[in-house]
Amino acid sequence: MMTADHLSALIVKLREERPLVHNMTNVVVTNFTANGLLALGASPVMAYAREEVADMARIAGALVLNLGTLSAELVESMMIAGQAANKHGVPVLLDPVGAGATPYRTISAQRILQEVDVSLIRGNAAEIAHLIGEDHTIKGVDAGDTKLGDERRALAVRAAKKLNTVVVVTGSEDVITDGQSGNMVRGGHPLLTQVTGTGCLLTSVLGAFVAVEKDRLLAGTAGLGFYGAAALRGAERTENQGVGSFQIAFLDELSRLNPVSLAGNVSIREFVI
Amino acid sequence: MMTADHLSALIVKLREERPLVHNMTNVVVTNFTANGLLALGASPVMAYAREEVADMARIAGALVLNLGTLSAELVESMMIAGQAANKHGVPVLLDPVGAGATPYRTISAQRILQEVDVSLIRGNAAEIAHLIGEDHTIKGVDAGDTKLGDERRALAVRAAKKLNTVVVVTGSEDVITDGQSGNMVRGGHPLLTQVTGTGCLLTSVLGAFVAVEKDRLLAGTAGLGFYGAAALRGAERTENQGVGSFQIAFLDELSRLNPVSLAGNVSIREFVI
Amino acid sequence: MMTADHLSALIVKLREERPLVHNMTNVVVTNFTANGLLALGASPVMAYAREEVADMARIAGALVLNLGTLSAELVESMMIAGQAANKHGVPVLLDPVGAGATPYRTISAQRILQEVDVSLIRGNAAEIAHLIGEDHTIKGVDAGDTKLGDERRALAVRAAKKLNTVVVVTGSEDVITDGQSGNMVRGGHPLLTQVTGTGCLLTSVLGAFVAVEKDRLLAGTAGLGFYGAAALRGAERTENQGVGSFQIAFLDELSRLNPVSLAGNVSIREFVI
């Protein structure tokens, strides 16, 4: 049974252990990802060269593969890093940015999934759907009504079963599941969609939590919860100022998270299939 | 006849359509460009790999080629993307960052202009001059006196005629022209020159406007006007705080633009050759 | 004899000359480096392609080689740029980010040192130790007590003698030395360690000072001092707000530096071996 105390304890553990998160991410979000992880209390590192990624992944607490700006060389490096992580028991997270937008992204994501054992995948509904060969059929403004939440949850469960891993589908309400059970996490703020890289950073944040807690559902739920709480607080502090101020306030709030941050800011509902 | 109403209506249209702007830009400004486009209300995407740029350019509302940190591979990818955009009627914008600073940049810019049909080019006076084989002879502190404005306008007209496209030359007063007529747009703020990537982001912003309005002079004038208004407002809000605060306030103001933002903040003068 | 007046005069000189600093740096910190240099009053440029780095390095006031995200191509480009800088008397600075973290980084740093004449190296104690083949044995929380400062100074002196250049080792108290004499500079703020790229930007800032003052001990001491003063002021302004706000305030303070900024904010102690 996952309790609020279990979740809240993880932010303390993360800051004590300061896990090294090896990010192989896209060129748009590298700075924001590093600053977000530092604010959270983790230790970010970026390394891309085939000559060194195995050495770096081996000593990391988690490896994050983000497909936002792929190249042939980068895919090869990701394979090397992913397999080194697998060999040394380092969890690997996948963020299939833009899967479905071009065939190359979908194919590259699927190739990584075939050759690397991935511990957790995070994407929006369209990305996760394309990853398992479904058309993305969720319609509407993605405004979080019950029907959309139900569809997102069903999609996450299908993906988790098919890909045999933990899947996170983010939206107005986030889903995390291993295909058997999981959690719906409601937090965050629509302003997150107006700052680039907030999804990418979230995947790296989930990596930091997975690095300090082996139960991936527990770690992932904590990550989603704390991230959502920071966003909500940042949005409240900067209401009507604009998206630049929100971005900075969000980083501030990541650095100010503490064991009581979840209370009153995030709602979590368990589900069992 | 271009009226204030025509210009002001475009910010509403842009936010309704949320055009996808495919940026192939330099590594310094990717994050700022994406955040600026999101703040404006457009949908940014970055993609660089030869394996996918044609697929991405085809579905975009505009393609922006920025030469700030070139490589041989990137130039090849830009050719592929540019030709795909041409084939599918997607407007292509060129930002010849640093043309003239090294021969490689000048040659690459000219090569792109030979092989890709470019809808709009934006640069400062030195960059545009080098693009058409002129030495950059505009002297002085670029402080916006009448003589400098006249020289900048004449340069833009020569470039537009020679390159047979719409040319924007930015400075203390911006010029946009198709070689026959055009506008002088006075707005903005000198603080823009103290934040990296404000020129690059402007080119991408012009891409977003061109994506929703086929009349390039109208679209470009609106883009220059709204951009200048946001900068002026951001500078007023952060007077004497420093350039970090200005950068954030400018993003804020981009997200707060509305149909009355031009009034009182920007002056536009039409000219005919 | 280095006086406070000598140091303070350099910020004025830097802003008058606006030296061009050619940065070949990692993908995480490009934007922050460019904005920091602009705030300081220098002119940043980034260029990486082998086709143009020699042309760019030749016209720069300083060349900064940063190993944060290496690739085989980038190392080759750095050799070309470094040798062009050497040939034209342009000072070269090296930031061996993560030397010791992977063998590839250590080997690449050593290869650059063999083939390029480097004017100044800046790193933390671990990086500098690995560069000269020492294990990093400085323990503890790096909290700036006397013993740590003594160890850091001794390490810097050993490195400066062995590598025959000026070495800066940063920490709670910074050391700069040519192996014969030097300065301990106490300033800055622990918040600097929670923003990515503050070490990288510092190396580029030292490049800007070295570009305007040939005495590297004087130039480097001024750079360390002004950087530390800006950090301290930024931290004071944003106390308890969080790391996002500090990052912006720090950029603000870099842009507000003036000849009296060192007074009361930084302490400098000369030493002779």
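Model, not experiment: these values are computed from the prediction. Just so we're on the same page: letters track the sequence lines, and every chain starts at 1. Because only heavy atoms are used, hydrogens play no part in the values below, and waters and symmetry mates are left out as well, while side chains stay in.
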Inset, instruction - Report the C-alpha distance between C/D55 and B/Y104 in whole Å, list the side-chain angles of each, state the deciding distance to 0.1 Å, and finish with yes or no for side chain to side chain contact (heavy atoms under 4.5 Å, CB included). - result: CA-CA 9 Å; C/D55 292 322; B/Y104 182 57; 5.6 Å; no
Inset, instruction - Using the side chain to side chain contact (heavy atoms under 4.5 Å, CB included) rule, take C/E51 and B/R105 through it: C-alpha gap first, then chi angles, then the decisive distance, then the call. - result: CA-CA 9 Å; C/E51 290 87 348; B/R105 296 195 183 204; over 6 Å; no
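For C/R58, no part lies near chain B; criterion is any non-hydrogen pair under 4.5 Å. In this structure, no portion of B/S108 lies under 4.5 Å from any heavy atom of chain C. With a 4.5 Å cut-off on non-hydrogen atoms, C/T30 touches chain B through its backbone and its side chain both. In this structure, chain B has a heavy atom under 4.5 Å from the side chain of C/I59, while its backbone stays farther away.
Using modelled atom types, one finds no donor on one side chain facing an acceptor on the other under 3.5 Å when comparing C/N35 with B/T196.
The number of heavy-atom neighbours closer than 6.0 Å to CZ of B/R50, taken from other residues, nucleotides and ligands shown, is 12 or below.
Distance check, rounded to the nearest 0.5 Å: CD of B/Q247 to CG of C/L38 gives 10.5 Å. Distance check: B/T238 OG1 to C/I248 CD1 gives 11.5 Å after rounding to the nearest 0.5 Å.
When side chains are defined from C-beta on, C/M46 does not count as touching B/N26, because their heavy atoms never get closer than 4.5 Å.
Considering all non-hydrogen atoms of both residues, C/L251 and B/G244 come closest at CB-CA, 3.9 Å. Listed here is the closest heavy atom pair of B/G242 and C/S255: CA-OG, 3.4 Å.
With chain C as partner, the option from B/S245, B/S71, B/P103 having the largest number of non-hydrogen pairs under 4.5 angstrom is B/S245.
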